[in-house]
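Bear in mind the structure is a predicted one, so any value in this text is a computation, not a measurement.
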Amino acid sequence: MSNPNQQLKLALLKLKKSGNSLEQGFTLVELMVVIVIVGILSAVALPNFMSQTEKAKATEATSKVSALLKEALTEYQYDSTVASVTSAMAASISTATATGNFTYSLPAAAGNVFNVLATGKATDASLEDKLLYGCIDLTKGDPDVSTKLLASGTASDVTC
């Protein structure tokens, strides 16, 4: 008699063990809650990360425009004519254009105010029709550069 009793106990233990393995894991509700939480977090965080690329490219343009303006001031202090500054800057402008996301140009100087314009290259859809201005009064030596990318046709936000 003890043998069937032992077999029954053994069968019950096996059943209990197999029942526990079925009870382990996550329920459908728990998985759905996790998916909803991840979705909410990505909806909040993703737009912030997407704008970081544009900010980095604007920072690149700002630093290059600032460097070009400082170089123009140095050229002006050496030669004291705006025309010579414009001709001397041609090589620097072409180098800056070749190595970045922007095309740099020198709009006409008004008096002693030297201007640099950065235009987003058409090959980058996020920069197309975006501008960044910079100017420097060569007699005062104080450069002014746009703090953000501007839409095409927008008036310059710099004053020299």
Side-chain angles (χ1 to χ4, degrees), residues 7-75 85-86 89-110 113-138 140-160:
Q7 287 179 351
L8 181 62
K9 285 181 182 178
L10 188 60
L12 286 173
L13 281 173
K14 285 183 181 179
L15 183 63
K16 188 175 181 181
K17 283 184 182 180
S18 66
N20 282 344
S21 66
L22 290 176
E23 292 174 7
Q24 292 177 351
F26 299 107
T27 65
L28 183 60
V29 172
E30 291 170 331
L31 290 174
M32 293 300 290
V33 167
V34 169
I35 290 172
V36 167
I37 290 172
V38 168
I40 290 171
L41 289 175
S42 65
V44 169
L46 191 61
N48 290 335
F49 289 124
M50 298 303 278
S51 67
Q52 293 302 318
T53 307
E54 187 174 302
K55 287 180 185 177
K57 290 175 182 177
T59 302
E60 170 206 339
T62 302
S63 64
K64 283 189 178 183
V65 167
S66 179
L68 290 168
L69 293 173
K70 289 175 185 174
E71 184 178 348
L73 177 62
T74 304
E75 288 289 335
V85 170
T86 303
M89 295 294 294
S92 298
I93 290 291
S94 64
T95 302
T97 297
T99 60
N101 296 305
F102 290 84
T103 301
Y104 299 90
S105 60
L106 304 174
V113 175
F114 187 80
N115 301 299
V116 176
L117 173 64
T119 307
K121 290 184 178 176
T123 56
D124 189 340
S126 66
L127 293 178
E128 196 171 12
D129 296 329
K130 299 285 183 162
L131 305 172
L132 195 124
Y133 294 97
C135 64
I136 187 168
D137 186 340
L138 296 172
K140 295 178 183 175
D142 189 25
D144 190 10
V145 180
S146 298
T147 56
K148 61 182 179 179
L149 291 175
L150 304 170
S152 182
T154 305
S156 172
D157 63 343
V158 297
T159 55
C160 289

Under the rule for side chain to side chain donor-acceptor pair (under 3.5 Å), what residues qualify as partners of Ser92, not counting sequence neighbours?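 Residues passing side chain to side chain donor-acceptor pair (under 3.5 Å) with Ser92: Glu71.
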For Lys130, which residues count as a side chain to side chain donor-acceptor pair (under 3.5 Å) partner, sequence neighbours excluded?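 Side chain to side chain donor-acceptor pair (under 3.5 Å) list for Lys130, sorted by chain: empty.
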Please give me the minimum heavy-atom distance between [X] and [Y], naming the atom from each residue.
X	Y	answer
Ile93	Leu106	CD1-CD2, 3.6 Å
Ala118	Tyr104	CB-CE2, 3.5 Å
Leu132	Ala58	CD1-O, 4.2 Å
Leu69	Asp144	CD1-O, 4.1 Å
Ala96	Leu68	CB-CD1, 4.4 Å

Could you list the residues that satisfy salt bridge (Lys or Arg N to Asp or Glu O under 4.0 Å) with Glu75, not counting sequence neighbours?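 Partners of Glu75 by the salt bridge (Lys or Arg N to Asp or Glu O under 4.0 Å) criterion come out as none, since no residue qualifies.
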Beyond-backbone contact of [X] with [Y], side-chain heavy atoms, under 4.5 angstrom:
X	Y	value
Leu131	Leu149	no
Met89	Val116	no
Phe114	Thr86	yes

Donor-acceptor under 3.5 Å ([X] side chain, [Y] main chain):
X	Y	answer
Thr103	Thr97	no
Lys57	Phe102	no
Thr95	Ala91	yes

So for atom NZ, which belongs to Lys70, do other residues, nucleotides or ligands contribute more than 12 heavy atoms lying within a distance under 6.0 Å?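 No.
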